[in-house]
Trainee: 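Here it is, the structure, as structure tokens.
Just so you know, these numbers come straight off a predicted model, no measurement behind them. These numbers come from the heavy atoms of this one structure, side chains and all, not from hydrogens, waters or symmetry mates.
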Amino acid sequence: GKEVPMRTNVPVVAAFAAGVAFLTLVPFPAAAQSAPNQATAPAGPPTISVTGEAVVSVAPDRVLIHLGVEILDPDVNAARRRNDEALRQAIAAVRDAGVPADSIRTEQVSIEPRYRHHEEGADLVGFVARTTFLVILSDPARTGEIVSRALLAGANQLHGVAYETAELPRHRDRARELALQAARTKAEKMAAVLGRSAGPPLHVQETIEPVPWRYAGAGRFALANVAQDMAASTPDLPDPLALGKITVRAGVSVIFELRP
């Protein structure tokens with residue numbers, strides 16, 4: 001007369017990928033277990049999984065120079081007027097150096113109050129007028145010269161220098177190609193140590209999108225040092241604006257068949 005509850009066996013199936021074990025619990029009644037002679041799916045071929053990375057350094061063919069003018073004056077109209085005049089002189093100096101007008105663009109204009117804070121509150125010091133502008137050069141070797149001319153003429157801010165290339169798609173493909181070659185070489189060497197050989201690839205995945213890292217030159221400049229370097233009246237800036245390289249990185253993960 002007692003009811004006997006049905007017992008179930010819970011086999012544990014382990015899957016391993018990239019060194020991580022995944023456990024799956026599959027419950028089913030004991031009576032439904034596989035018969036001894038039941039066919040099972042054959043195991044896949046042995047594999048070897050490797051990664052490959054590559055770096056391609058490219059000479060730039062275009063430079064983006066971000067410059068600015070910042071003027072503080074007690075009178076808001078005077079701040080704006082002085083800023084406009086300094087900006088006009090800086091742009092004129094760049095134009096006189098042979099940079100076409102369509103390669104010079106105003107990026108941002110702003111005027112804001114400046115306060116001096118103290119325990120009793122804050123006093124209005126004046127107004128800060130700011131203007132930033134962009135200079136696009138097709139000759140990267142002239143970067144130092146153009147920056148010098150702009151700073152000597154009226155600009156007093158150097159916000160950054162970025163180098164670019166018009167051949168980026170070709171360099172991306174080259175970086176991927178080198179990363180795949182690196183993965184194949186690594187797989188062959190590892191397989192040889194084990195007394196095996198690497199077969200055809202079974203799975204390929206890109207792990208690092210081959211986007212360029214744009215060399216940004218000196219970034220923000222200490223203008224006191226810049227002025228000191230310019231005191232000798234040379235049109236070229238020293239090492240901080242030396243021509244940089246664009247780095248394109250690529251990475252792949254590849255699974256190869258491992259053959260005897």
Trainee: Write down the atom of Arg142, the atom of Ala97, and the distance for their closest heavy-atom approach.
Mentor: NH2-O, 2.8 Å

Trainee: To the nearest 0.5 Å, what is the distance between OG1 (Thr47) and CG (Leu202)?
Mentor: 7.0 Å

Trainee: For a side chain to side chain donor-acceptor pair (under 3.5 Å) with His66, tell me which candidate from Glu107, Gln108, Gln157, His159 qualifies.
Mentor: Glu107

Trainee: Taking it one step at a time, do Val193 and Lys189 satisfy side-chain contact (heavy atoms from CB on, under 4.5 Å)?
Mentor: CA-CA 6 Å; Val193 172; Lys189 290 184 176 181; 5.8 Å; no

Trainee: Do Phe256 and Leu180 sit in one hydrophobic cluster, given that two such residues count as connected whenever their side-chain heavy atoms are within less than 4.5 Å of each other, even indirectly?
Mentor: yes

Trainee: Salt bridge between Arg176 and Glu206, side-chain N to carboxylate O under 4.0 Å?
Mentor: yes

Trainee: Could you tell me if the side chain of Val76 sits less than 4.5 Å from the side chain of Ile111, heavy atoms only?
Mentor: yes

Trainee: Within the 4.5 Å heavy-atom criterion, are Thr165 and Pro60 side-chain neighbours or not?
Mentor: no

Trainee: Does the side chain of Asp123 come within less than 4.5 Å of His118's, by heavy atoms?
Mentor: yes

Trainee: Any chance you could measure Tyr163, atom OH, to Thr143, atom OG1, to the nearest 0.5 Å?
Mentor: 4.0 Å

Trainee: To the nearest 0.5 Å, tell me how far Ile48 CD1 sits from Leu258 CG.
Mentor: 6.0 Å

Trainee: Enter the distance from Thr132:OG1 to Leu67:CG here, rounded to the nearest 0.5 Å.
Mentor: 9.5 Å

Trainee: Heavy atoms only: give me the nearest Val55-Arg249 pair and the separation to one decimal.
Mentor: CG2-NH1, 3.3 Å

Trainee: Between Asn83 and Val69 (side chain of the first, backbone of the second, donor and acceptor by atom type, cut-off under 3.5 Å), is there such a pair?
Mentor: yes

Trainee: Please check this pair: side chain of Ser103 against backbone of Val99, looking for a donor-acceptor N/O pair closer than 3.5 Å.
Mentor: no

Trainee: Determine yes or no for a side-chain-to-main-chain donor-acceptor pair under 3.5 angstrom, with Thr185 supplying the side chain and Ala182 the backbone.
Mentor: no

Trainee: Has Thr131 got a side-chain atom pairing as donor or acceptor with Val109's backbone, closer than 3.5 angstrom?
Mentor: no

Trainee: Using 4.0 Å as the upper bound for N to carboxylate O, is an ion pair formed by Glu85 and Arg82?
Mentor: no

Trainee: Checking Ile104 against Val94 for the side-chain contact (heavy atoms from CB on, under 4.5 Å) test, could you report, in this order, the C-alpha distance in whole Å, the side-chain angles of both residues, the deciding distance, and whether it holds?
Mentor: CA-CA 9 Å; Ile104 306 173; Val94 174; 3.7 Å; yes

Trainee: Is any side-chain heavy atom of Leu134 closer than 4.5 Å to one of Leu64?
Mentor: yes

Trainee: How close do Arg196 and Pro46 get, counting heavy atoms only, and between which atoms?
Mentor: NH1-CG, 4.2 Å

Trainee: So, does Asn156 use its side chain to make a donor-acceptor pair with the main chain of Leu151 at under 3.5 Å?
Mentor: no

Trainee: Taking the side chain as C-beta and beyond, is there a heavy-atom pair between Lys186 and Thr51 under 4.5 Å?
Mentor: yes

Trainee: Working to the nearest 0.5 angstrom, can you tell me the gap between Thr106 OG1 and Leu87 CG?
Mentor: 5.5 Å

Trainee: Does any part of the side chain of Thr247, heavy atoms only, come nearer than 4.5 Å to the side chain of Val56, both counted from C-beta?
Mentor: no

Trainee: Any side-chain heavy atom of Pro74 sitting closer than 4.5 Å to one from Arg114?
Mentor: no

Trainee: Any salt bridge linking Arg88 with Asp84? Criterion: basic side-chain nitrogen under 4.0 Å from a carboxylate oxygen.
Mentor: no

Trainee: Determine, stepwise, if the pair Leu158 / Val161 fulfils side-chain contact (heavy atoms from CB on, under 4.5 Å).
Mentor: CA-CA 8 Å; Leu158 175 57; Val161 177; 4.2 Å; yes

Trainee: Measuring from Phe127:CZ to Leu72:CG, what's the distance to the nearest 0.5 Å?
Mentor: 10.0 Å

Trainee: If Ile, Leu, Val, Met, Phe, Trp and Tyr residues are connected whenever their side-chain heavy atoms lie under 4.5 Å apart, and connections chain through other members, are Leu178 and Val58 in the same group?
Mentor: yes

Trainee: Hey, mind stepping through Met190 and Glu188 against side-chain contact (heavy atoms from CB on, under 4.5 Å) and telling me if it holds?
Mentor: CA-CA 6 Å; Met190 292 175 64; Glu188 291 174 348; over 6 Å; no

Trainee: Does a side-chain heavy-atom distance below 4.5 Å link Arg184 with Val254?
Mentor: no

Trainee: Of all heavy-atom pairs between Ala90 and Ala150, which one has the smallest distance, and what is that distance?
Mentor: CB-O, 3.8 Å

